[in-house]
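All residue numbers in this chain count up from 1 along the given sequence. When a ligand or atom number is given, it counts from 1 through the structure's own listing order. Hydrogens, waters and symmetry mates are skipped; everything else that's a heavy atom, side chains included, is used.
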Amino acid sequence: MNVHARLAAASLMLMTVATACSQQPDKAAGPARAAPAAAPASDTHAFRIGQVEAVALRDGTIVLTNAEEQSPWSAVADVATVLTGNGVADNRIHLSVQPLLVKDGERVVLIDTGAGGEMGTENKLSASLASAGVQPGQVTDILISHSHGDHIGGLVANGALVYPNAAVRMTGAEWSAMQGDNELQPVVDLIRAKVQTFEPGASISPAITALPLAGHTAGHTGYEIANGGARLIYVGDALHSSLISVQRPELVNRWDLNSSAAIATRQSLLERGASQNLLFYGVHFPFPGLGRIERRDDGFVWAPAT
Ligand SMILES: [Zn+2]
């Protein structure tokens, strides 16, 4: 089973769980995407990187039981130790989903697009974007870290582009992989005319540079946003969990396409973050995903920004 099939299987399972918990909107009632309602203030978090305005936009949460059939980490005993050691009592892995809005001069940039309501998430992105004062038609650039469903799931809805005026930008390697994936053809066909590819490490906009973070997918990339001496690293899925990925970066994650490359990337990213005291943005870390990597004993821990 390839990673998309696994994600789809996990998604089905999660939808079942979520429905059982009565937390999932009624999918049978029609199109999944309701008109955006006003998002609670807690679903957005505005901050600055130098003079550049940014807003964390909550999309939802993926909850995985720490068990072989749901979790990407097959080392369930090691993961249980991490969870209990950090006060997580329910033996579940909680992954928030929060795309990042960046206003870079004239550009209105959205980094990743959330899960589009799949994988048990709440599909809050459009409401969060509205709460940040931005209409979908105002987005000029969508930067994709990689083409898994919780990052490209919000690109299209009801057979149409959600952000009709935006260029969809990703690495050439990721676009090639997308076009070769039969399950993604409906999305590929809809975005094809909007796609602009770049090479790893390319300059994207005045403040944003693509940051090579190899291993998770064929063309996975992070983004570095720098302005006036301030700097933020969007880590993509080089780090999934603020607990497991940070404290046990060497554990194999089955969602990584190239496990050894992904582990090396994870370890060097943590090393760089800690040694340079860099501000990180974890797209799956507890909302709003901002914080720093600190050294503890022989390893690392996540220190959320306060
Ligand atoms: Zn992800």
Side-chain angles (χ1 to χ4, degrees), residues 2-15 18 56-66 70-73 79 92-101 110-125 128 142-155 168 170-171 173-174 177-178 181 183-184 187 210-223 233-246 249 251-259 261-263 265-266 269-270 280-290 302:
N2 69 23
V3 70
H4 295 293
R6 287 202 301 273
L7 287 170
S11 170
L12 279 175
M13 227 165 351
L14 289 164
M15 285 168 66
L57 302 172
R58 192 197 300 270
D59 184 41
T61 305
I62 299 169
V63 182
L64 305 163
T65 297
N66 177 29
Q70 274 204 27
S71 167
W73 292 278
V79 169
R92 289 183 175 186
I93 300 146
H94 299 254
L95 302 179
S96 183
V97 181
Q98 57 248 353
L100 178 63
L101 181 72
L110 180 62
I111 307 183
D112 287 331
T113 65
E118 298 301 318
M119 300 181 79
T121 58
E122 297 93 329
N123 203 22
K124 288 182 168 187
L125 179 59
S128 298
I142 294 168
L143 307 185
I144 297 297
S145 64
H146 67 294
S147 56
H148 285 167
D150 53 324
H151 298 260
I152 64 167
L155 271 176
V168 179
M170 68 185 87
T171 65
E174 195 68 13
M178 273 192 84
D181 187 328
E183 294 170 36
L184 295 180
V187 178
L211 176 67
L213 293 173
H216 182 56
T217 61
H220 179 266
T221 185
Y223 295 97
I233 306 293
Y234 183 97
V235 303
D237 278 10
L239 302 168
H240 284 93
S241 159
S242 63
L243 302 176
I244 304 154
S245 308
V246 174
L251 291 182
V252 170
N253 182 316
R254 289 177 294 184
W255 290 348
D256 291 333
L257 178 69
N258 181 331
S259 190
I263 289 168
T265 290
R266 213 157 23 246
L269 182 63
L270 293 167
F280 274 17
Y281 187 87
V283 58
H284 292 313
F285 286 11
F287 188 85
L290 287 165
W302 174 244

In [X], the N, O or S atom nearest to the Zn ion (ligand 1) is which?
X      : answer
His284 : NE2
His151 : NE2
Asp150 : OD2
Asp237 : OD2

Note to self: Between Asp59 (side chain only) and Leu125 (backbone N and O only), is there a donor and an acceptor less than 3.5 Å apart?
What the structure shows: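 Between the backbone of Leu125 and the side chain of Asp59 there is a qualifying donor-acceptor contact (under 3.5 Å).
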
Ser96 side chain to Thr61 main-chain N or O, any donor-acceptor pair under 3.5 Å?
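Flag not set: sc Ser96 to bb Thr61 has no pair under 3.5 Å.
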
Just checking, is any N or O donor in the side chain of Asp237 or His148 under 3.5 Å from an acceptor N or O on the other one?
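There is no such pair (donor and acceptor under 3.5 Å, judged by atom type) between the side chains of Asp237 and His148.
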
Between Gln98 and Phe285, which heavy-atom pair has the shortest distance, and what is it?
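That closest heavy-atom pairing would be NE2-O, 2.7 Å.
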
